[in-house]
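Here is the structure we will look at.
Residue numbers count from 1 along this sequence.
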Amino acid sequence: TTHVNLTSGSGAGGAVGVAGSFLVNVGQTTTKAYVGDADSATTLDLTGDARIAATTRNDMQGIAVSGAVGGPAGVAGMAIVNVVGNDTQAWLENATAGIGGTFDVSAREELDLRAYSGALGVSRGGRGVGAPGSIAVPGGSVTAAVANRDVDAAGAMRVDADSDRKLDAITITAGVGQTAGIGGAASLVMIGDGERGDANDELDSGGDGTVSRLDDLTRLGRVDSALVGDALSESERQRINNRSSYDLKDATGGGHDGVYASVSGGSVDAASLAVSAESTVTAENRVGALGASLGVGVGGSFAYTGLYGT
């Protein structure tokens, strides 16, 4: 079980106010429960019930806000990115099983992801601009399987794979200025690999926008001698930086996502057999933008939710 609560904020004020806030959350979890392997035979002889179960639970919340107030210009921008890739597996492989009761093989993923972001840019005499962006890319694999051997169970046998994901994204902005007020908000929720609409143009214009800038940050070496002094050697600092470097741009492009349950390559003698794979997604993706000015006020918002899985 993983609990993550991240908050990022920034503010600026002056003749020209510019503020930026960035939050990146990457979670990759592998959970396995299994009996047997492909290289060696295993025998089970049980008088009672048997259960093989793997469960991954993620509860994640991110809040990112920024505000800027200036004379000729007040510009506030922010970005919040959540990438979650879980691999949950439960299986019986290459094992002969004699079970006196029921037999269950279960793999389950539970994800509750919340992303809340906002930006406000105010100018007292010129242009106020607010520009937030939000990206949520959960995915991975959930697998429950019985493979390559025989099962004899006196009771019922079940093989279940289940994914339950709840996603809530709110992205709001406002730009207020005397001559111009510009507010633009964009949000992408993407599960699996599929069509993204205009998301690339909105969140990474020309391949050199918000996502690319965040990708540069996640690749930089963050541990240097100025930070830790002589506490770590150069090779130790390099090893930490290499392990913490992350290809965020590739990860936010989406990837394979699937839920699988199977019985294959053997025989089953049981009171009953149920094989079930189920994926449930509840997604809310809400955006809002306001531009207010005595001159020109422009507000624009973009939201895209893509659900692609197997």
Side-chain angles (χ1 to χ4, degrees), residues 1-4 26-61 83-114 137-168 191-193 255-283 307-310:
T1 301
T2 303
H3 297 280
V4 177
V26 178
Q28 295 179 316
T29 302
T30 299
T31 307
K32 296 181 180 180
Y34 59 92
V35 175
D37 61 59
D39 298 326
S40 60
T42 302
T43 300
L44 295 179
D45 188 4
L46 306 175
T47 59
D49 300 335
R51 184 168 185 261
I52 303 171
T55 303
T56 302
R57 295 187 179 93
N58 298 121
D59 183 10
M60 299 177 171
Q61 177 173 286
V83 180
V84 183
N86 293 324
D87 184 11
T88 307
Q89 304 177 28
W91 76 84
L92 175 76
E93 183 176 14
N94 197 17
T96 300
I99 300 167
T102 61
F103 180 39
D104 293 328
V105 179
S106 171
R108 179 172 174 80
E109 177 199 36
E110 299 176 8
L111 172 64
D112 190 349
L113 176 60
R114 303 173 301 281
V137 186
S141 178
V142 182
T143 304
V146 174
N148 301 327
R149 294 295 282 195
D150 302 329
V151 176
D152 185 356
M157 175 175 165
R158 293 187 60 88
V159 180
D160 293 323
D162 181 29
S163 175
D164 186 5
R165 297 169 181 163
K166 298 179 177 65
L167 313 172
D168 186 17
I191 298 180
D193 187 10
H256 178 72
D257 183 76
V259 180
Y260 312 95
S262 66
V263 176
S264 62
S267 65
V268 174
D269 185 1
S272 62
L273 173 64
V275 181
S276 172
E278 182 176 359
S279 178
T280 303
V281 178
T282 303
L307 308 177
Y308 306 94
T310 303

Subject >> Inter-residue atom distance Leu92.CG - Leu44.CG, 0.5 Å rounding >> reply: 6.5 Å
**OP:** Give, for atom OG1 of Thr42 and atom OH of Tyr34, the distance between the pair rounded to the nearest 0.5 Å.
**Re:** 10.5 Å
**OP:** Measure the CD-OG1 distance between Glu109 and Thr88 for me, rounded to the nearest 0.5 Å.
**Re:** 5.5 Å
**OP:** Could you tell me which non-hydrogen atom of Ala153 sits nearest to which non-hydrogen atom of Gly101, and how far apart they are?
**Re:** CB-O, 3.9 Å
Original post:
Considering residues at least two apart in sequence or located in another chain, which fulfil the side-chain contact (heavy atoms from CB on, under 4.5 Å) criterion with Asp59?
Top reply: His3, Asp112, Arg114
Subject >> Partner residues of Thr31 under the side-chain hydrogen bond (donor to acceptor under 3.5 Å, both in side chains) criterion, sequence neighbours left out >> reply: Thr56
Original post:
How would you list, by chain and number, every residue that makes a side-chain hydrogen bond (donor to acceptor under 3.5 Å, both in side chains) with Thr30, sequence neighbours excluded?
Top reply: none
List the atom pairs, donor and acceptor, that lie under 3.5 Å between side-chain atoms in residues 263-275 and the rest of the protein, sequence neighbours left out.
{"from": "Ser267", "atom 1": "OG", "to": "Asp150", "atom 2": "OD1", "distance (Å)": "2.8"}

Original post:
How long is the span from the CZ atom in Arg165 to the CG atom in Leu307, to the nearest 0.5 Å?
Top reply: 9.5 Å
Original post:
Is there side-chain contact between Ile52 and Phe103, with at least one heavy-atom pair below 4.5 Å?
Top reply: yes
Original post:
Which atoms form the tightest heavy-atom contact between Gly100 and Ala154, and what is the distance?
Top reply: O-CB, 3.1 Å
**OP:** With sequence neighbours left out, write down each residue that passes side-chain contact (heavy atoms from CB on, under 4.5 Å) with Ser276, or none if nothing qualifies.
**Re:** Asp160
Original post:
Going by the salt bridge (Lys or Arg N to Asp or Glu O under 4.0 Å) test, which pairs reach into residues 33-57, not counting sequence neighbours?
Top reply: Arg57-Glu110
**OP:** Taking side-chain contact (heavy atoms from CB on, under 4.5 Å) as the test, write out the residues that go with Ser262, two or more places apart.
**Re:** Ala145
**OP:** Under the side-chain contact (heavy atoms from CB on, under 4.5 Å) rule, collect the residues that match up with Thr280, sequence neighbours excluded.
**Re:** Asp164, Glu278
Subject >> Nearest heavy atoms of Ser141 and Tyr260, plus distance in Å >> reply: OG-CE1, 3.8 Å
**OP:** Write down the atom of Ser106, the atom of Ala90, and the distance for their closest heavy-atom approach.
**Re:** O-CB, 3.2 Å
Subject >> Under the salt bridge (Lys or Arg N to Asp or Glu O under 4.0 Å) test, residues paired with Asp168 that sit two or more places apart >> reply: Arg286
Original post:
Got a sec, which residues hit side-chain hydrogen bond (donor to acceptor under 3.5 Å, both in side chains) with Asp152, two or more places apart in sequence or on another chain?
Top reply: none
Original post:
Given side chains that start at C-beta, do those of Ile99 and Met157 come closer than 4.5 Å, heavy atoms only?
Top reply: no
Original post:
Which heavy-atom pair separates Val259 from Ser279 by the least distance, and what is that distance?
Top reply: CG2-CB, 3.9 Å
Subject >> Leu111/Leu167 under side chain to side chain contact (heavy atoms under 4.5 Å, CB included): CA gap, chis, key distance, verdict >> reply: CA-CA 8 Å; Leu111 172 64; Leu167 313 172; 4.1 Å; yes
**OP:** Measure the spacing between OG1 of Thr2 and CG of Asn86 and express it to the nearest 0.5 Å.
**Re:** 7.5 Å
Original post:
For residues 138-163, which residue pairs qualify under ring pair (Phe, Tyr, Trp, His ring centres under 6.0 Å), counting only residues two or more places apart or in two chains?
Top reply: none
Original post:
Mind checking what makes side-chain hydrogen bond (donor to acceptor under 3.5 Å, both in side chains) contact with Asp87, not counting sequence neighbours?
Top reply: Gln89
